Amino acid sequence: MVLQILTKFRNFRFNFDGKKISEIQVLYVAKFLRFLAINLSSGIAMIYFYKLYGWNGVIFALISLWVAKGFTTFLGGIYIAKNGPKHGILLSNILAIPMLVVAGLAGQFGAFAMIVAMIFQGLSYQLYNISYYVDFSKIKNGEKTARQLGNMQIIEKITGLVAPVAGGFFAVAFGAQSTLLISAIFFAFSAVPLLATREVMKNNIKLNFRDFPFKQHRRNFFAQFMIGSLPVYVYLWGIFVPIFLFSSDNAYGISGILTSISSISSIVVSLFFGKSAGKKLLRSSVVLRSIMMIASSLSFTKISAIIINSISEISSVGYKISSSKGAFFDAYKSGERIEYFMMFEGAYVFGGLIFTTIAGILIALLGTEFGIRAFMIFASICYLGGLLFNFPFSDEKQKIELRF
């Protein structure tokens, strides 16, 4: 499977009339380059902000991120409806460039640069999320959907093998700013494949929230809100491990090494999970990740952090593949794909903002280390809200036509 995907990259030909390459190939290559850029600087920016402004700076940066994502969920949906998802992904990659450049200047220009960088990150990442959902959900066959989602996860994790270590090396040897700049260059390259095909979705779609069947999907939206506890945990855990558990080692290097180690197990399970995405995988992944979040709150050794990261990556792959597939089918059921994903992502963003605020309060009341450990337990309980997802997986063996 991995060799097949790499062969696709090798044989990929840029043809700007859009006839010789498939849309899914464009998504493969664009995602590969995008996640190569992300994994180069993964964790480094937040550790960099921590070293500059402490935990208060981290919490404030995260709040800025979620607020920016909230605005982008609404404005991005309008932009995609008017111009198409491929234009949204292209704009997202472009917005990531000033994000990384400004983040590297936080040491010279202060907290204002940090806030501006997080705003750009919110704009870029959230626009990409909605665009990716809308564009990728056009796959018309349940079995094919699962397989392609598995391929996407493999691509994401392949970049996670080497890029984080390389990013950590550059950060240790030349400073965090150099890694952020290199990452920005790869983001620029990731925009190129999107020029290889035309926008296939019709433009100037009029959004219709008035007739959206909200009551039929509110349970899934609430579950997605509860899942918003996970990214806050991931951000804090990503800083907590190098600062508290690997305090005698270089934080940048440890962050990169741990990410690379975790990617090894996730590539293997992606091959299997891509064929078994469904309700059982979704629920078991949620439960397993919740257990690992509790375990992380009780982690005091280096080896425990490595084990937790590796097992967490397995649950993460299972969750991403099954939840994405379920959301695609649920969006089809709603009849309004763009509106559905705007509300689906909006619930996630709102959850992220609320849980970040709670994390900040716990840190202020209980102290840094104990406050973060307490939040991990709280987040693990909230994350079980993912068991409430009621995606229409019963249709997974049927060929369906997702409406534009």
Side-chain angles (χ1 to χ4, degrees), residues 66-67 69-82 85 88 126-127 129-140 142 145-146 149 201-202 205-231 277-283 285-287 290 319-355 357-358 379 381-404:
W66 292 117
V67 171
K69 281 191 171 188
F71 282 106
T72 310
T73 300
F74 177 73
L75 298 176
I78 296 175
Y79 181 84
I80 294 167
K82 180 176 177 59
Q126 194 61 16
L127 183 58
N129 288 342
I130 299 177
S131 300
Y132 171 77
Y133 270 126
V134 172
D135 199 21
F136 201 76
S137 66
K138 297 195 295 293
I139 297 175
K140 303 176 176 64
T145 302
L149 285 168
M201 190 177 113
K202 66 180 182 180
I205 296 175
K206 187 176 182 180
L207 298 177
N208 179 21
F209 289 98
R210 179 177 297 179
D211 298 325
F212 186 88
F214 179 78
K215 290 183 178 180
Q216 297 179 20
H217 304 277
R218 60 185 177 185
R219 174 173 169 174
N220 289 337
F221 293 157
F222 176 74
Q224 182 72 344
F225 166 82
M226 299 299 283
I227 292 295
S229 60
L230 178 64
K279 187 174 294 184
K280 290 183 179 179
L281 177 60
L282 175 61
R283 291 180 174 176
S285 298
V286 168
V287 172
S290 178
Y319 172 78
K320 285 183 180 179
I321 293 175
S322 53
S323 65
S324 295
K325 179 183 176 182
F328 294 162
F329 280 88
D330 206 32
Y332 161 74
K333 184 178 178 181
S334 74
E336 306 290 347
R337 286 189 302 129
I338 298 178
E339 293 87 340
Y340 175 90
F341 287 123
M342 288 174 69
M343 287 185 278
F344 188 71
E345 278 293 294
Y348 180 77
V349 169
F350 185 57
L353 178 60
I354 296 299
F355 289 114
T357 304
I358 293 173
I381 297 172
C382 294
Y383 187 69
L384 289 174
L387 296 175
L388 296 175
F389 278 123
N390 189 31
F391 292 130
F393 284 113
S394 58
D395 296 330
E396 63 188 2
K397 294 183 180 179
Q398 301 177 15
K399 290 187 177 181
I400 60 174
E401 187 76 27
L402 290 170
R403 287 170 280 185
F404 288 86

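Here the structure is a predicted model, which means the values were calculated and not measured. By convention here, the first residue in the shown sequence is residue 1.
A donor-acceptor distance shorter than 3.5 angstrom exists from the side chain of Arg337 to the backbone of Val134, with no hydrogens or angles considered. In terms of modelled atom types and a separation under 3.5 Å, the side chain of Ser322 and the main chain of Tyr319 share a donor-acceptor contact. A donor-acceptor pair is defined here as one N or O able to donate and one able to accept, closer than 3.5 Å; no such pair exists between the side chain of Ser290 and the backbone of Val286. Using a distance-only test at 3.5 Å, with no hydrogens or angles considered, no donor-acceptor pair links the side chain of Asn220 to the main chain of Phe389. In this structure, the side chain of Glu339 engages the main chain of Asn208 through a donor-acceptor pair within 3.5 Å.
For CZ of Phe222, the number of neighbouring non-hydrogen atoms (other residues, nucleotides, ligands) closer than 6.0 Å is 12 at most. Residue Arg219 qualifies as enclosed at atom CZ: its count of foreign heavy atoms under 6.0 Å is above 12. Applying the 6.0 Å contact sphere to CZ of Phe209 captures more than 12 heavy atoms from other residues, nucleotides or ligands.
Put simply, the residue from Tyr348, Phe350, Tyr340 that forms a ring-ring contact (aromatic ring centres under 6.0 Å, His included) with Phe221 is Tyr340.
Checked against a 6.0 Å centroid threshold, the rings of Phe225 and Phe355 count as neighbours. In this structure, Phe212 has its ring center closer than 6.0 angstrom to the ring center of His217.
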| Worked check of side-chain contact (heavy atoms from CB on, under 4.5 Å) between Thr73 and Met343 | CA-CA 8 Å; Thr73 300; Met343 287 185 278; over 6 Å; no
| Residue pair Phe328, Tyr133: steps toward the side-chain contact (heavy atoms from CB on, under 4.5 Å) verdict | CA-CA 8 Å; Phe328 294 162; Tyr133 270 126; 3.4 Å; yes
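Residue Ser131 holds its OG atom at 9.5 Å from CD of Gln126, rounded to the nearest 0.5 Å. To the nearest 0.5 Å, atom CD1 of residue Ile78 and atom OG1 of residue Thr72 are 11.5 Å apart. Atoms CD1 and CE, from Ile80 and Met342 in turn, are 8.5 Å apart once rounded to the nearest 0.5 Å. Atom CZ of residue Phe391 and atom CG of residue Asp330 lie 6.0 Å apart, to the nearest 0.5 angstrom. For the atom pair CD1 (Ile130) and CD (Glu345), the distance works out to 6.0 Å, reported to the nearest 0.5 Å.
Between Phe344 and Phe341, the angle of the ring planes goes over 60°, which puts this pair in the perpendicular group of the 30/60° scheme.
The two atoms that bring Leu282 and Ser323 nearest to each other are CD1-CB, 4.0 Å, heavy atoms only. Contact record, Ala81 with Leu207: CB-CD2, 3.8 Å, taken as the closest heavy-atom pair.
By the 4.5 Å heavy-atom criterion applied to side chains, Leu388 and Met226 are not counted as neighbours. Inter-residue side-chain proximity for Pro392 and Tyr332 is flagged as unmet; no heavy-atom pair is nearer than 4.5 Å.
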